[in-house]
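So the structure is just underneath, and the comments pick up after that.
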There are 2 protein chains.
Amino acid sequence: MAIGLYLTYQEVGLVIAAQGNTAEKLVDGARQLIMLGGYNGFSYADLAQRYGIRKPSIHHHFPSKVDLVVAVVEQGRARIREQIAALEDSSPAAMDQLRMYTGYWERCIKDQSAPFCLAGVLAAELPSLPDQIATAVRGHFADLAEWLRNVLALGTHQGTMRLETSPEMEAENFMAAVYGAMLVARAFDDPDRFASIVESLISRIRVAEPQGR
Amino acid sequence: MAIGLYLTYQEVGLVIAAQGNTAEKLVDGARQLIMLGGYNGFSYADLAQRYGIRKPSIHHHFPSKVDLVVAVVEQGRARIREQIAALEDSSPAAMDQLRMYTGYWERCIKDQSAPFCLAGVLAAELPSLPDQIATAVRGHFADLAEWLRNVLALGTHQGTMRLETSPEMEAENFMAAVYGAMLVARAFDDPDRFASIVESLISRIRVAEPQGR
DNA sequence: CGGCACCTACCTACTGATAGGTAGTCCACT
DNA sequence: AGTGGACTACCTATCAGTAGGTAGGTGCCG
């Protein structure tokens with residue numbers, strides 16, 4: 001993502017120039033802020049300041065905060081769908097796909113570009129979220145569980161993974177461990193914790209390769 | 001906990017009468033509300049309405065919201081320390097202690113009395129929390145990791161657990177899985193998900209008992 | 001024993017700031 | 001000429017927090 005800095009005409013402060021049109025910028029900014037503090041942890045005023053526009057201009061693009069946050073979650077789901085499609089094209093090996101998924105988060109957490117899954121933060125406060133947002137968040141987890149289930153089943157079929165129970169169960173175990181690892185990494189402020197937890201997670205599933213490799 | 005209902009003299013509404021003095025009630029109420037929606041998900045006004053007192057009366061007990069939430073987290077840590085001490089007295093078997101820990105959460109999630117660990121919700125929004133609260137939350141995770149490490153080491157020593165790596169690593173894996181299981185249970189609105197994830201988690205650690213039992 | 005000092009626990013009334021949101025205007029570009 | 005995208009100005013509600021006061025209890029001193 002291209003990040004630039006410039007000064008607004010009305011206040012001397014840093015304003016982030018993301019690529020794309022304003023609506024896309026706002027979604028991106030909201031995503032980043034939600035990752036830091038959840039739904040109630042940011043305001044339209046925060047976004048307005050961030051991009052050097054006025055608060056009502058945000059309402060022009062997203063009439064209500066719920067609209068904006070739903071857009072953020074749905075954009076995330078759409079991107080994941082794209083990524084999955086690209087993943088399946090680039091590598092038919094289930095273990096590689098799984099590695100790419102965890103590797104993506106490892107990098108994001110390490111460079112702090114996305115220190116937590118957006119849906120994970122929102123899931124923590126699910127009971128207090130507006131229905132539309134809650135539905136979108138639950139949808140994300142359903143998507144992810146389905147994909148993981150498919151990948152684990154494929155890996156078993158390809159002989160590169162060995163599961164102790166069903167792909168359904170193992171997918172939930174895996175998902176829980178990954179999100180828990182994000183939480184632990186955040187709680188200990190240590191990205192390496194995420195990597196090490198995920199590593200032992202994968203080593204438990206992976207079928208040892210023949211020694212000659 | 002004794003829960004009673006009565007009408008306030010000034011407004012016809014349901015008011016929760018928790019046991020103990022007002023300060024204790026407030027801590028308990030804040031704990032419940034935080035579990036639902038995090039730090040920014042509740043207000044002094046919510047608590048005031050809940051217990052039929054005025055907002056400034058809460059400031060009398062807890063000058064600032066930070067004070068209140070720190071008290072909530074620290075009370076939680078203190079209770080856990082008590083529970084751990086009681087646990088070690090009641091059963092010297094590490095596997096029983098671990099079972100009691102997960103069983104506690106299983107019950108809480110199932111009956112919705114505590115559908116999520118307080119510190120877990122706060123950890124999700126850690127970067128945006130006031131320092132004092134963040135410190136207390138990190139402290140909780142440090143406490144828990146230490147206890148788990150000790151229990152796992154003890155279990156290995158007692159021959160009832162078998163770890164694939166070090167107690168330190170396995171404690172973090174276990175902790176991540178438990179918190180991830182809470183998140184998954186919340187995301188799918190299904191307490192059974194927590195139980196099943198934890199079950200396979202424990203079965204991986206447990207040394208199979210002799211068949212005669 | 002009376003009376004005063006001090007305390008806890010609450011109250012009313014209020015503050016400045018901020019929340020999300022609305023109405024109406026302006027302007028540049030097609 | 002219409003439209004999208006921004007603006008100014010404003011709204012009401014709520015936020016955390018403050019000022020100042022009251023009722024009732026406790027303890028101490030004379």
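Chain A is the first sequence line, chain B the second, and so forth, proteins listed ahead of strands; every chain is numbered from 1.
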N/O-N/O pairs, protein side and nucleotides 16-19 of chain C side, under 3.5 Å:
residue, atom, partner, partner atom, Å
C:dA19, OP1, A:Ser43, OG, 2.9

Taking only distance into account, with no hydrogens and no angle test, what donor-acceptor pairs under 3.5 Å do side-chain atoms of residues 107-120 of chain B form with protein atoms, sequence neighbours excluded?
residue, atom, partner, partner atom, Å
B:Arg107, NH1, B:Gly103, O, 3.4
B:Lys110, NZ, B:Asp192, OD1, 3.2
B:Asp111, OD1, B:Ser113, N, 2.8
B:Asp111, OD1, B:Ser113, OG, 2.7
B:Gln112, NE2, B:Ile109, O, 3.0

Roughly how far, to the nearest 0.5 Å, is the CD atom of A:Gln97 from the CD atom of A:Glu88?
5.5 Å

Return the value, rounded to whole Å, for the distance between atom NZ of A:Lys25 and atom P of D:dG5.
12 Å

Return the orientation label for the B:Trp147 and B:Tyr101 ring planes: parallel under 30°, perpendicular over 60°, tilted otherwise.
perpendicular

Mutual orientation of the aromatic rings belonging to A:Phe188 and B:Phe141 [parallel < 30°, tilted 30-60°, perpendicular > 60°]
perpendicular

Need the bend value for the helix from C:dC1-D:dG30 to C:dT30-D:dA1: angle between end axes, 5 pairs each end, nearest 10°.
10°

For atom CD of A:Glu24 and atom C1' of D:dG5, their distance in whole Å
15 Å

Nearest-Å distance for atom pair CD1/P, residues A:Ile53 and C:dC26:
21 Å

Tell me the interatomic distance from B:His61, atom NE2, to C:dC11, atom P, rounded to whole angstroms.
9 Å

Could you walk me through whether B:Tyr51 and B:Leu26 pass side chain to side chain contact (heavy atoms under 4.5 Å, CB included), step by step?
CA-CA 8 Å; B:Tyr51 293 112; B:Leu26 291 171; 4.1 Å; yes

B:Phe62 CZ - D:dA16 C1' separation (whole Å):
16 Å

Under the 3.5 angstrom rule, does the side chain of B:Lys65 hit a backbone N or O of B:Tyr39 as a donor-acceptor pair?
yes

Is the shortest side-chain N to carboxylate O distance from A:Glu74 to A:Arg79 below 4.0 Å?
no

Crowding at CD, B:Gln132 (>12 non-hydrogen neighbours, <6.0 Å):
no

Does OP1 or OP2 of D:dA16 have a side-chain N or O of B:Ser64 closer than 4.0 Å?
no

Taking OP1 and OP2 of D:dC7, is either one under 4.0 Å from a side-chain nitrogen or oxygen of A:Ser57?
yes

Verify the contact: side-chain N or O of B:His59 to OP1 or OP2 of C:dA9, cut-off strictly under 4.0 Å; return yes or no.
no

Residues B:Asp28 and B:Lys25 bridged, charged N to O under 4.0 Å:
no

Tell me the interatomic distance from A:Asn40, atom CG, to D:dA16, atom C1', rounded to whole angstroms.
15 Å

Can you tell which of C:dT12, C:dC10, D:dT8 lies closest to the side chain of B:Arg54?
C:dT12

Hey, is the side chain of B:His60 poking within less than 4.0 Å of OP1 or OP2 on D:dT18, counting only N and O atoms?
no

